[in-house]
Structures are given as structure tokens and as C-alpha cells.
Engineer: 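Here it is: the structure, laid out below.
Note that ligands are numbered from 1 as they come in the structure, with each ligand's atoms numbered from 1 the same way. Counting from 1, the numbers follow the sequence of the chain as shown. A quick note: this is a predicted structure, and the numbers were derived from the prediction, not measured.
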Amino acid sequence: MKVKICGIMNVETGLYAVEKGADALGFVFAESKRKITPELAKEIINQLPEHVLKVGVFVNEKPEVIMEIVNQTGLTHVQLHGDESPKDCEAFSIPVIKALSIETIVDLGKIEQYNCDYILLDSPKGKYRGGNGVKFDWNLLAEFEETGKKIILAGGLSPENIEEAMNIANPYMVDVSSGVETEGKKDLAKIQNFLARAKRREEVR
Ligand SMILES: O=C(O)c1ccccc1NCC(=O)[C@H](O)[C@H](O)COP(=O)(O)O
């Protein structure tokens, strides 16, 4: 299974996650306790291997501001975690991950409206637009028809529930932030544990 670790704020954590098998790292530029400056993101990204996806997380940000940060830092992917429309997602020259809040089966219907590379399914917003450590009902996905899009499962995942989540939802990639933290900071032992469990599952697509 492919894994994205979100909310990276220092080089040590980023390099550790990559060493343990992370495929993608997320850097939050939106309002959040994990907000990072473009300068620090650039410093971290410069030390990461090429194969790792470097994802910038934005909420309702202007495309020109996003592209300025992309060019400044070396981000390879843009994650739009706000109320961006399908048209808003077409303004970028690099791959886009559109995050959708899932509460009911009706929300899954929005997936096909977006013509972007990846769809990230998360819980409805909490204090911040994402990264709240809350899961949604994965069973909704078990009943959902394959759309051909790359689905990233997020929201309240942890080393304890990742196997159950993968079994039920069968996503393309899983994404975690709060579940690999202790007292609000990334916890290397939890990152290792999460990656070990997720990586036991074969990549099928
Ligand atoms: O992580 C944040 O603080 C954040 C803030 C605002 C918008 C998005 C944010 N995170 C996006 C992510 O991709 C998170 O990994 C995803 O929401 C899951 O988070 P969690 O439930 O804490 O594992």
C-alpha cells in the first residue's frame, strides 16, 4: 500500500518516514497547528530523494500564490483541502489531489465531478479543514463503485486501525497525520509502526 505522511515540519521526521517506506510527504501551508513556511519546506524538500511525492496542502488559496510556493519549494503535487470547484482544480501544471469531506454516500458522488489525478477522502472539517484525527464511515467505500480515480483514504487513521481501514476501503494510498503523533508532535515509533502495517499490504494498482 502506498502511504502519505502529512504535516511534516522538520528534516529528521521527513527523512525517517522516507527511510521506513513513505511514498509521499505532506506540507501544510493552510491555517493549522502544522503550518510550515515555504522557506522551511524548501529546506526539507531539498534533502528528500526524488522518488518521494512532495505534497503541498492548501485551503481555498489563490492558484498564483500556490504556484509561487510550488516554484519556491520544489513541491511536486498540490492538495486542495477546501471548497475548490472542479474548475479550480484545473489551474495547475502539476498533479492535483482534491480532498473531499465524506459524511454520507451522497458525498461520494462528488468524486466523478473532479477531473484531477487523485481524490483524497477525509472526514468533515473539525477545528481545521483537515488533520483533525477523526475517521468517517469506511463502509461507505466498500459499497461504492470503482471510478478509475486514485483514491487516498484519510481521516483518523492510526497504527491500530490501518489494517481494518485498508481491508474495508481498499484505497490506492492511505494518508495519516494525527495518528502518528504524540502530544501534537510527530512520533517516530508511531510512524514506523504505521508504515510497517500499511506496507505489509501489496500494491494492487
Ligand atoms: O494536517 C493539517 O493540520 C491540515 C490542516 C488544514 C487542512 C488540511 C490538513 N491536513 C491534510 C491531510 O492530508 C491530513 O493528513 C488528513 O486531513 C488526515 O489527517 P488526520 O485525520 O489527522 O490523520
Engineer: If you measure every N/O of D122 against every N/O of ligand 1, is any gap under 3.5 Å?
Structural biologist: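 Indeed, backbone or side chain, D122 has an N or O that close.
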Engineer: With nothing but distance in play, are any N or O atoms of S177 less than 3.5 Å from an N or O of ligand 1?
Structural biologist: yes
Engineer: Which of the numbered atoms in ligand 1 are under 4.0 angstrom from any heavy atom belonging to V57?
Structural biologist: 8 (C)
Engineer: Would you say CD of E112 has more than 12 non-hydrogen atoms from neighbouring residues, nucleotides or ligands within 6.0 angstrom?
Structural biologist: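 Count not over threshold, so no.
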Engineer: Do V134 and L121 share a hydrophobic cluster, counting only Ile, Leu, Val, Met, Phe, Trp and Tyr and linking them when any side-chain heavy atoms are less than 4.5 Å apart?
Structural biologist: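 Per the 4.5 Å side-chain linkage, V134 and L121 are not co-clustered.
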Engineer: Looking only at protein heavy atoms, which one is nearest to atom 2 (C) of ligand 1, and how far off is it?
Structural biologist: R34 NH1, 3.2 Å
Engineer: For ligand 1, find out whether one of its N or O atoms is nearer than 3.5 Å to an N or O atom of A30.
Structural biologist: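 By distance alone, the answer is no.
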Engineer: Which atoms of ligand 1 are found less than 4.0 Å from any heavy atom of S32?
Structural biologist: 2 (C), 3 (O), 5 (C)
Engineer: Distance to 0.1 Å, residue and atom name: give those for the protein heavy atom nearest to atom 5 (C) of ligand 1.
Structural biologist: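 Result for atom 5 (C) of ligand 1: G130 O, 3.4 Å.
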Engineer: Give a yes-or-no answer on whether the side chains of S158 and K190 include a donor-acceptor pair shorter than 3.5 Å.
Structural biologist: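 No donor-acceptor contact under 3.5 Å links the two side chains.
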Engineer: Could you list the atoms of ligand 1 found under 4.0 angstrom from a heavy atom of S178?
Structural biologist: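 Answer, ordered by atom number: 20 (P), 22 (O), 23 (O).
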Engineer: I need the atoms of ligand 1 closer than 4.0 Å to a non-hydrogen atom of D175, numbered in the order shown.
Structural biologist: 12 (C), 13 (O), 14 (C), 15 (O), 16 (C), 18 (C)
Engineer: When you compare ligand 1 with L157, is there at least one nitrogen or oxygen pair between them that comes in under 3.5 angstrom?
Structural biologist: no
Engineer: Which of the atoms of ligand 1 are close to K4, meaning less than 4.0 Å from one of its heavy atoms?
Structural biologist: 13 (O)
Engineer: Please state whether the rings of Y118 and Y172 are parallel, tilted or perpendicular, taking 30° and 60° as the class boundaries.
Structural biologist: tilted
Engineer: Which of the atoms of ligand 1 are close to G156, meaning less than 4.0 Å from one of its heavy atoms?
Structural biologist: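 This gives 20 (P), 21 (O), 23 (O) as the contact atoms.
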Engineer: Are Q79 and K4 close enough that a side-chain donor and a side-chain acceptor fall under 3.5 Å?
Structural biologist: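 Looking only at side-chain atoms, K4 and Q79 do form a donor-acceptor pair, the distance falling under 3.5 Å.
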Engineer: Between S178 and R34, do the side chains contain a donor N or O and an acceptor N or O under 3.5 Å apart?
Structural biologist: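 Note: R34 and S178 side chains meet the donor-acceptor criterion.
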Engineer: Between R201 and N170, do the side chains contain a donor N or O and an acceptor N or O under 3.5 Å apart?
Structural biologist: yes
Engineer: Does CG in N139 sit with more than 12 non-hydrogen atoms of other residues, nucleotides or ligands closer than 6.0 Å?
Structural biologist: yes
Engineer: Which residue and atom name correspond to the protein heavy atom nearest atom 12 (C) of ligand 1, and how close is it?
Structural biologist: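 That would be C6 SG, 3.5 Å.
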Engineer: By number and element, which atoms of ligand 1 are closer than 4.0 Å to a non-hydrogen atom of Q79?
Structural biologist: 11 (C), 12 (C), 13 (O)
Engineer: Return the closest protein heavy atom for atom 10 (N) of ligand 1 as residue, atom name and distance.
Structural biologist: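 The answer is G131 N, 3.6 Å.
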Engineer: Relative to the heavy atoms of V176, which atoms of ligand 1 are at a distance of less than 4.0 Å?
Structural biologist: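 Those of ligand 1 that fall under 4.0 Å from V176 are 23 (O).
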Engineer: With no hydrogens and no angle check, just 3.5 Å: does a side-chain donor-acceptor pair link D122 and H81?
Structural biologist: yes
Engineer: Return the minimal non-hydrogen interatomic distance between G7 and K186, and the atom names on each side.
Structural biologist: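 Of all heavy-atom pairs spanning G7 and K186, the closest is O-NZ, 3.7 Å.
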Engineer: For the residue pair I36 and I44, establish whether any side-chain heavy-atom pair is separated by less than 4.5 Å.
Structural biologist: yes
Engineer: Any heavy atom of G26 sitting closer than 4.0 Å to ligand 1?
Structural biologist: no
Engineer: Step by step, work out the salt bridge (charged side-chain N to carboxylate O under 4.0 Å, His left out) result for K62 and D88.
Structural biologist: CA-CA 9 Å; K62 292 191 192 85; D88 294 334; over 6 Å; no
Engineer: State if G133 counts as touching ligand 1 under the rule of any non-hydrogen atom under 4.0 Å.
Structural biologist: yes
Engineer: Within the structure, is a non-hydrogen atom of E181 found at a distance of less than 4.0 Å from ligand 1?
Structural biologist: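 Judged by the 4.0 Å heavy-atom criterion, E181 does not count as contacting ligand 1.
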